[in-house]
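Remarks on the structure that follows.
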Amino acid sequence: MGFLNHRKKNKEPKRVEKYGLLFCLEGNYTKIIDQIEMLFNSKSDEETNVSETDSIEKENSETNYYTLHNGDMEIVFVSGLKEEGKDYTKDQLGGVQGFVYSIQTEHVDIKRNLFYHLRQCKGIVQVIFRFDSVSAQETEDKLQKMVTPVLMVVEKLQGVLTFGDGTAFLNSEGQLILDQKGNTKLDYYMPAEIQPDEDWGKDMPQETLDRKERSMAWLKERRIYVSPWLPFLSEIEANGPARTTREICGRAAALLAISLYSECRLGEGMDYEQAKEFIAPVMERFMVEEFLSPKEKTYLENPESAREEQIQYSWQYENLLVMEWALGLVDELPYPDNICDVGRTVRILHPFDSLEEFEQNVSVRPYRELLDAADLIYRIDWACVDARVMGMKAPAELDAGVVVERHRSLFWLAGIDERCAWDDVDLST
């Protein structure tokens with residue numbers, strides 16, 4: 001046994017070389033290496049587990065190196081790689097984004113946010129591990145020791161790390177974000193992002209900036225990623241209100257009539273005349289004709305409306321709920337993950353026998369609340385639309401149909417885009 005131990009101790013070590021890739025937000029090769037150098041110049045050997053003996057080595061203007069040493073262990077960070085005359089960085093970033101997009105997983109929110117993170121990445125750092133080893137255990141031990149400073153770089157560069165075949169993605173704590181089989185070790189993942197510079201929104205009123213910050217805080221609390229680069233809504237409290245109480249009551253009545261008519265055609269199997277007769281009392285009681293939009297009038301006057309159009313207008317119950325909230329008849333708008341309680345939404349208007357009585361018994365919420373809600377729903381709708389464009393479901397269990405209808409109502413209530421008419425509300429994100 002002693003002889004075997006003697007033979008093991010004197011076994012000739014092999015030089016091991018392992019590789020990883022770090023995808024980061026910074027795209028300037030020199031700045032990447034500068035940040036790594038600054039990081040380790042400010043850290044002690046005890047913190048990094050690897051002492052620094054080399055600084056930056058530059059082969060040419062497009063390739064930068066930074067090397068850390070500790071005995072036989074060496075970590076080399078390389079940025080700005082080229083491959084066979086092609087733009088290696090661009091090709092690799094496009095490839096890794098496509099790979100993540102193709103992963104089949106039940107953790108769709110994590111996949112989506114990892115995709116967002118990689119979509120914002122502009123640079124790649126190759127990480128090379130070199131060390132001597134005489135056994136698999138020594139290889140594992142040294143890799144574990146060497147990964148600590150690498151993860152510090154991942155955090156510094158707001159990056160995502162892969163090793164070996166590049167099919168598993170790690171965060172700055174070394175935790176698995178997602179692998180090729182769709183596995184994760186995280187409950188949620190929020191991507192790093194390139195923030196707007198200090199001049200972004202400098203001409204906007206402080207009220208507008210604060211409103212955006214409140215919306216973003218709400219979204220982050222619920223782990224919904226939204227781009228920080230979305231335009232500001234410029235409307236301010238001093239210019240409100242955008243709609244009168246009568247306008248909002250009339251809009252609510254019109255939405256009630258349109259929704260009921262559509263439900264009669266779809267769910268109750270009524271023909272055109274029967275459906276019109278059913279909503280006639282509502283039309284008369286609330287003077288609905290006065291408040292119908294041109295498109296709504298055309299729809300109600302068309303006996304041959306298509307089923308698709310009827311389905312579209314049946315969603316107006318969601319808009320009715322928002323009007324009832326704006327008029328103080330509903331305490332708060334629920335999280336938009338399910339369609340509204342249609343029966344309850346309709347019953348809220350039952351006590352009112354006329355438009356005048358309706359108008360006299362409600363109070364419109366402060367304009368500030370309407371602006372806050374409009375700003376928030378605009379950003380929520382961006383998250384839903386962007387997910388749909390990518391072929392993914394909306395994040396955080398959001399119902400994209402409910403969200404877009406709230407977008408319409410809240411923009412109209414807040415008078416976004418010069419207080420345009422109902423049919424002209426801009427739903428772009």
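Quick caveat: nothing in here was measured; it's all calculated off a predicted structure.
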Listing request: all ring-ring contact (aromatic ring centres under 6.0 Å, His included) pairs with a residue in residues 326-352, at least two apart in sequence or in separate chains.
Phe352-Phe358

Using the ring of each side chain (for Trp, its six-membered ring), is Tyr225 parallel, tilted or perpendicular to Tyr116, with breaks at 30° and 60°?
tilted

Answer yes if the side chains of [X] and [Y] hold a donor-acceptor pair under 3.5 Å, and no otherwise.
{"X": "Asp423", "Y": "Ser293", "answer": "yes"}
{"X": "Tyr367", "Y": "Glu235", "answer": "no"}
{"X": "Asn113", "Y": "Tyr188", "answer": "no"}
{"X": "Gln310", "Y": "Ser305", "answer": "yes"}
{"X": "Gln360", "Y": "Glu356", "answer": "no"}

Is a side-chain N or O of Trp382 found less than 3.5 angstrom from the main chain of Ile377, in a donor-acceptor match?
no

In sequence, state the C-alpha distance, the side-chain angles, and the governing distance for Phe163 and Phe129, and then conclude on ring-ring contact (aromatic ring centres under 6.0 Å, His included).
CA-CA 11 Å; Phe163 287 114; Phe129 303 86; 5.7 Å; yes

Residue pair Leu300, Ile258: steps toward the side chain to side chain contact (heavy atoms under 4.5 Å, CB included) verdict
CA-CA 8 Å; Leu300 285 181; Ile258 288 289; 3.6 Å; yes

For the ring pair Tyr299 and Tyr313, is the centre-to-centre distance below 6.0 Å?
yes

Go through the steps for Ile380 and Leu219 under the test side chain to side chain contact (heavy atoms under 4.5 Å, CB included), then give the verdict.
CA-CA 8 Å; Ile380 293 175; Leu219 292 161; 3.7 Å; yes

From the list Asp372, Asp210, Asp375, side chain to side chain donor-acceptor pair (under 3.5 Å) with Ser215 holds only for Asp375

Face-on cation placement of Lys145 at Phe131 ring, 6.0 Å and 45° thresholds
no

Nearest-0.5 Å distance that lies between atom CD in Glu359 and atom CG in Leu355:
6.0 Å

